[in-house]
2 protein chains.
Amino acid sequence: MAAATLKNIQKCPTSYVLAIQDTLNAFQGKWKMPIIGTLLFGKKRFKEIEREIPKITPRMLSQELKDLEMNGIISRTVYATSPVTVEYELTKSGKQLSKVVEAMLEWGLQHRRANMLELLPILQSKTA
Amino acid sequence: MAAATLKNIQKCPTSYVLAIQDTLNAFQGKWKMPIIGTLLFGKKRFKEIEREIPKITPRMLSQELKDLEMNGIISRTVYATSPVTVEYELTKSGKQLSKVVEAMLEWGLQHRRANMLELLPILQSKTA
DNA sequence: CGGCATCCGAATCGATACTG
DNA sequence: CAGTATCGATTCGGATGCCG
């Protein structure tokens, strides 16, 4: 199959848009990408993830993990210890997201530097 | 400066999470990535974008374009024709997002194929 | 430890109608 | 053409408390 480069789909921008939205749905919201991000470093337990993601509540973490599992991005394993231990791990699909995450990360750093220099004390209001 | 690879920040997952969330904020929501996507092919006018993105309303398009402009991702040019013509174009920062978009696109296609085969008639309920 | 249930305000977003 | 204004439905997401 041909690679999914921009040039290949230039002919039909709309179908291209649909593909992006499709992808977007898999990890939309405030928390999914950060969760995936922490799991790229390996298996983690519920509490570990919670600790690494500032301000996430158990409610949201639980909800998002369930969502990600349903979408085939992570897998959940329960160990019958006492108290129970649960480990979350990226699936193969999930691991392939590292490409996306790295791209986002790299752009984020560049973009931030660019904005610091040129414009935008506007961000202040969002940071606060 | 060292490249922003995952390995480089493994030491501090939390700061890494913050960087991702930061990036995420720049194009969160249902429409921003698709808008950026269509603009990767070149300058476009309001109506052109609207036509290429299924189901977007003028309200949302207007709002998101404004947001993207404030974030330094696109630029807006008004031509004093009659009726007025407005063109939107990616800035340098915006163009650099192509890396992210392509990564998302590629993953989306792979992931879709994988899910078709293995699991998930669940998506049906979301597609409907 | 790893959650779930409930409540509730805030933010998002779609539909529709209108304007310079 | 390129938007804006208003309304209302839906969803998101934080706080809190409880459970096996």
Side-chain angles (χ1 to χ4, degrees), chain A residues 17-18 20-22 24-36 38-39 42-71 74-89 125-128, chain B residues 17-18 20-21 24-36 38-39 42-71 74-89 122 125-128:
Chain A
V17 164
L18 289 175
I20 295 184
Q21 283 186 330
D22 210 51
L24 230 38
N25 285 336
F27 50 82
Q28 223 177 20
K30 208 166 160 183
W31 306 112
K32 290 199 180 70
M33 278 312 266
I35 291 171
I36 292 164
T38 71
L39 288 178
K43 295 183 185 185
K44 288 215 169 69
R45 299 170 56 181
F46 192 91
K47 266 298 187 216
E48 291 182 283
I49 304 174
E50 191 180 345
R51 267 191 296 269
E52 285 177 13
I53 301 183
K55 306 206 176 188
I56 195 169
T57 59
R59 168 168 143 59
M60 290 314 294
L61 182 52
S62 171
Q63 183 180 300
E64 303 291 66
L65 285 170
K66 206 175 293 178
D67 230 64
L68 290 169
E69 192 189 358
M70 287 204 342
N71 274 300
I74 65 175
S75 66
R76 196 182 102 115
T77 314
V78 183
Y79 298 97
T81 55
S82 158
V84 282
T85 305
V86 183
E87 277 189 345
Y88 294 91
E89 185 177 9
S125 55
K126 288 221 167 186
T127 313
Chain B
V17 165
L18 289 176
I20 295 184
Q21 283 187 330
L24 229 40
N25 285 336
F27 49 82
Q28 218 173 26
K30 208 167 162 182
W31 305 112
K32 290 200 181 69
M33 279 312 265
I35 292 170
I36 292 163
T38 72
L39 288 178
K43 294 184 185 185
K44 288 215 170 67
R45 300 168 58 180
F46 192 91
K47 265 295 186 219
E48 292 182 282
I49 303 174
E50 192 181 344
R51 267 191 297 271
E52 286 177 14
I53 301 182
K55 307 205 175 187
I56 196 170
T57 59
R59 170 170 140 61
M60 290 314 294
L61 182 53
S62 170
Q63 184 180 301
E64 301 293 66
L65 285 170
K66 211 173 289 180
D67 230 63
L68 289 168
E69 191 188 357
M70 286 205 342
N71 273 300
I74 64 176
S75 66
R76 196 182 101 116
T77 315
V78 182
Y79 298 97
T81 54
S82 159
V84 282
T85 304
V86 182
E87 277 189 344
Y88 293 91
E89 186 177 12
I122 300 166
S125 56
K126 286 220 167 185
T127 313

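Predicted model, so just to flag it, every value in this text is computed and none were measured.
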Roughly how far apart are [X] [atom1] and [Y] [atom2], rounded to 0.5 Å?
{"X": "B:F27", "Y": "B:I35", "atom1": "CZ", "atom2": "CD1", "result": "13.0 Å"}
{"X": "A:N25", "Y": "A:I20", "atom1": "CG", "atom2": "CD1", "result": "12.0 Å"}
{"X": "B:L68", "Y": "B:I36", "atom1": "CG", "atom2": "CD1", "result": "5.0 Å"}

* Asked: Should A:K43 and A:E87 count as an ion pair when the cut-off is N to O under 4.0 Å?
  -> yes
Does [X] reach the side chain of [Y], with side-chain heavy atoms less than 4.5 Å apart?
{"X": "B:I56", "Y": "B:P34", "result": "no"}
{"X": "A:T77", "Y": "A:V86", "result": "no"}
{"X": "B:Y88", "Y": "B:L39", "result": "yes"}

* **Interatomic distance where CD belongs to B:E69 and P belongs to D:dA2 [whole Å]** =>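 Nearest whole value for this atom pair: 15 Å.
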* Tell me, for nucleotides 3-20 of chain D in 5' to 3' order, what letter each nucleotide earns: B for a base near a protein heavy atom under 4.0 Å, S for only sugar-phosphate near one, - for neither? -> BS-B------BBB-----
* Hey, what bend do you get for the helix from C:dC1-D:dG20 to C:dG20-D:dC1 if you fit axes on five pairs at each end, rounded to 10°? -> 50°
* Structure fact -> Applying side-chain hydrogen bond (donor to acceptor under 3.5 Å, both in side chains) to A:K32 and not counting sequence neighbours gives A:E64
* To do: Please find the earliest and latest nucleotides of DNA chain C, in the 5' to 3' direction, that have an atom within less than 4.0 Å of any heavy atom of chain B.
  =>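 Taking any atom under 4.0 Å from a heavy atom of chain B, the span is C:dC13 to C:dA15.
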* Asked: Taking OP1 and OP2 of D:dA2, is either one under 4.0 Å from a side-chain nitrogen or oxygen of B:R45?
  -> yes
* **Residues that A:T57 engages under side-chain contact (heavy atoms from CB on, under 4.5 Å), provided they are two or more places apart** =>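 Once residues adjacent in sequence are excluded, the partners of A:T57 under the side-chain contact (heavy atoms from CB on, under 4.5 Å) criterion are A:R59, A:M60.
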* Taking only residues at least two apart or on different chains, which pairs with a member in residues 48-58 of chain B satisfy salt bridge (Lys or Arg N to Asp or Glu O under 4.0 Å)? ->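 Every pair satisfying salt bridge (Lys or Arg N to Asp or Glu O under 4.0 Å) with a residue in residues 48-58 of chain B: B:K44-B:E52, B:K47-B:E50.
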